[in-house]
2 protein chains.
Amino acid sequence: MYKVLLDGSKDTVTSILKDIFKNISFSNEESKLLQSKLKKSDFRKGDFLLQPSEYIDKIYYVYSGCLRSYFIDNEGKEHTLQFAIKDWWISDYISLYGNSTSTSVSYIECIKKATVYGISKKEFDIICYDYPSIGQFYIKKMEAAFATFQKRILENLTLSAKDRYLNFISMYPDIESNVKNYHIASFLGITTESLSRIRKELAND
Amino acid sequence: MYKVLLDGSKDTVTSILKDIFKNISFSNEESKLLQSKLKKSDFRKGDFLLQPSEYIDKIYYVYSGCLRSYFIDNEGKEHTLQFAIKDWWISDYISLYGNSTSTSVSYIECIKKATVYGISKKEFDIICYDYPSIGQFYIKKMEAAFATFQKRILENLTLSAKDRYLNFISMYPDIESNVKNYHIASFLGITTESLSRIRKELAND
DNA sequence: CTGATTTATTATCATAGATCAATTTTTTAG
DNA sequence: CTAAAAAATTGATCTATGATAATAAATCAG
């Protein structure tokens with residue numbers, strides 16, 4: 001099955017489009033266009049999708065494995081913005097969408113052997129313009145991601161570190177097994193020592 | 001000028017469309033469609049756009065004034081998600097886009113005499129589908145908002161309360177004069193007492 | 001399999017910001 | 001303009017989490 005994936009036969013590529021774009025049905029022409037724009041890449045644990053010096057102009061669909069995006073602040077501390085597993089999209093949204101005054105250095109790192117499909121954001125914009133169903137699909141994705149981030153802000157404002165951790169493991173049970181504790185800590189905004197204490201406390205119940 | 005706005009003459013409404021949708025140029029047909037869907041409302045300080053019991057299905061363009069969206073947690077504390085002034089869009093994104101398991105109660109409150117234009121999200125989705133330039137416009141808006149929220153998450157993870165406050169007043173100089181200190185505090189995720197101390201400290205420089 | 005490196009845990013102490021309580025200042029309603 | 005209500009300030013504690021440092025456990029490379 002994995003072999004079939006790699007040989008890039010037409011059927012298989014079409015089935016990947018189905019995977020990525022779910023319930024959207026494409027004409028042959030649309031299918032071909034998308035196939036020509038989506039570039040498959042494989043990464044091993046520890047690889048970076050993106051060097052901080054590189055200008056990012058792509059968004060990535062995660063087909064398998066696990067990635068995380070993070071940035072390093074002035075004091076050299078890592079802050080995890082996002083984990084992405086199967087079916088998520090990941091990119092450096094701040095440098096892609098925000099005004100470019102950002103001085104922050106951001107990375108996307110593979111933390112579990114992954115296959116992704118990347119597409120140039122510029123080209124994707126044009127596709128969204130030309131094909132309403134794809135535009136609609138992208139809008140839905142963005143909205144869901146937006147709601148997720150808004151929830152996260154609320155949680156950061158509202159919950160204790162312990163409750164945020166509990167939330168995290170219930171929300172992302174699949175991710176937890178792939179990542180280091182310090183990844184989770186930097187996602188929750190606490191130190192790895194604090195997370196360690198929380199885990200101990202939870203174990204004694 | 002304000003009178004002209006109220007009489008709803010064709011020219012003026014068109015100019016509002018220009019305000020809302022910026023550099024997009026519409027055909028007569030598109031113009032009429034949008035005009036028929038956008039509903040103007042005026043609010044006075046203290047009014048709520050939205051009762052928490054109401055099901056939200058609209059997004060609002062802020063033409064003038066200032067609004068804020070917030071929610072109240074289990075302990076009765078307010079948490080400000082967003083301030084919106086001229087040219088911002090505001091809605092309850094979590095209940096609109098997130099899966100509806102959310103138990104949080106959220107409000108949109110007018111904190112300075114405001115005029116907004118509301119449009120049903122469902123209808124707007126259809127419009128985005130039918131008119132690529134509007135879809136593209138909306139995607140851009142969402143992406144910018146997304147980047148803003150991502151930045152805010154990073155700031156919450158990275159900066160001290162003092163630095164977040166300094167950021168806030170430099171980012172939103174127009175908003176600060178409209179809002180109560182406790183609004184800002186609840187946006188920054190600190191108590192009003194802490195904000196007071198920070199302000200005092202900053203004054204002694 | 002083994003030593004080297006990375007990650008996680010634990011303990012002690014320090015501190016930003018919370019909580020509680022009282023007072024002053026500002027805003028609002030009549 | 002004035003009394004009442006709302007908001008902001010200040011002071012005295014308290015606490016969750018950070019910082020530092022040492023050790024233990026887990027993972028990795030050869």
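Every chain is numbered from 1, with letters handed out A, B, ... down the list of sequences. Every value quoted in this text rests on a predicted model; they were computed, and no experiment measured them.
For the ring pair (Phe, Tyr, Trp, His ring centres under 6.0 Å) with A:Phe124, the lone residue among A:Tyr129, A:Tyr138, A:Tyr61 that qualifies is A:Tyr138.
We find that NZ of B:Lys112 is positioned 14 Å from P of C:dT27, with the value rounded to whole Å. Rounded to whole Å, atom C1' of D:dC28 lies 18 Å from atom CD1 of A:Ile111. Computed from coordinates, the A:Lys113 NZ to D:dC28 P distance equals 15 Å when rounded to whole Å. Nucleotide D:dA8 holds its P atom 16 Å from the CG atom of B:Leu202, rounded to whole Å. When rounded to the nearest whole Å, the span between OH of B:Tyr165 and C1' of C:dA16 equals 18 Å. Protein atom CG of A:Leu195 is 15 Å distant from nucleotide atom P of D:dA19, rounded to whole Å. Nucleotide C:dA16 holds its C1' atom 11 Å from the CD atom of B:Glu201, rounded to whole Å. One can place CG of A:Asn156 at 18 Å from P of D:dA16, the figure rounded to the nearest angstrom.
The phosphate of D:dA6 has neither OP1 nor OP2 within less than 4.0 Å of any side-chain N or O from B:Asn181. B:Arg197 has no side-chain polar atom (N or O) that falls below the 4.0 Å cut-off from OP1 or OP2 of C:dG17. In this structure, B:Lys45 does not reach the D:dA6 phosphate: none of its side-chain N or O atoms is under 4.0 Å from OP1 or OP2.
Sequence order on DNA chain D of the closest nucleotides to A:Leu159 and B:Arg199 puts B:Arg199 first from the 5' end. Between A:His183 and B:Ile190, the one whose closest nucleotide on DNA chain C sits nearer the 5' end is A:His183.
Side chain of A:Thr191, nearest nucleotide from D:dA19, C:dA18, D:dT17: D:dA19. Ranking C:dT9, D:dA7, D:dT10 by closeness to the A:Thr192 side chain, first place goes to C:dT9. For B:Lys180, counting side-chain heavy atoms from C-beta on, the closest listed nucleotide (C:dT27, D:dT9, C:dT9) is C:dT27. Relative to the side chain of A:Ser194, the nucleotides D:dG18, C:dA18, C:dA8 differ in distance, and D:dG18 lies closest.
Between B:Phe21 and B:Trp89, the angle of the ring planes lies from 30° to 60°, which puts this pair in the tilted group.
By the neighbour-count criterion of 12 heavy atoms within 6.0 Å, atom NZ of A:Lys22 is densely surrounded, having more than that number from other residues, nucleotides or ligands.
The existence of a salt bridge linking B:Glu109 and B:Arg68 is confirmed by a sub-4.0 Å separation between a basic side-chain nitrogen and an acidic carboxylate oxygen.
For A:Phe83 and A:Phe187, the ring centers are positioned less than 6.0 Å apart.
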Derivation and outcome, side-chain hydrogen bond (donor to acceptor under 3.5 Å, both in side chains), residues B:Thr158 and A:Asp73: CA-CA 7 Å; B:Thr158 314; A:Asp73 70 22; 4.8 Å; no

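Note that CZ of B:Phe71 and NZ of B:Lys77 are 11.0 Å apart. Values are rounded to the nearest 0.5 Å.
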So which protein N/O to nucleotides 21-26 of chain D N/O distances come out below 3.5 Å?
none

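Side-chain N/O atoms of B:Ser120 and B:Asp57 include no donor and acceptor closer than 3.5 Å.
Nucleic acid contact for B:Gly189: sugar-phosphate only, since backbone atoms but no base atoms lie under 4.0 Å from a heavy atom of the residue.
At least one cation-pi condition fails for B:Arg152 and B:Phe168: the charged atom is not both under 6.0 angstrom from the six-membered ring centre and inside a 45 degree cone around its axis.
If one axis is set at each end of the helix from C:dC1-D:dG30 to C:dG30-D:dC1 from five pairs, those axes are 70° apart, to 10°.
The side-chain heavy atoms of B:Phe137 and B:Met142, taken from C-beta on, include no pair separated by under 4.5 Å.
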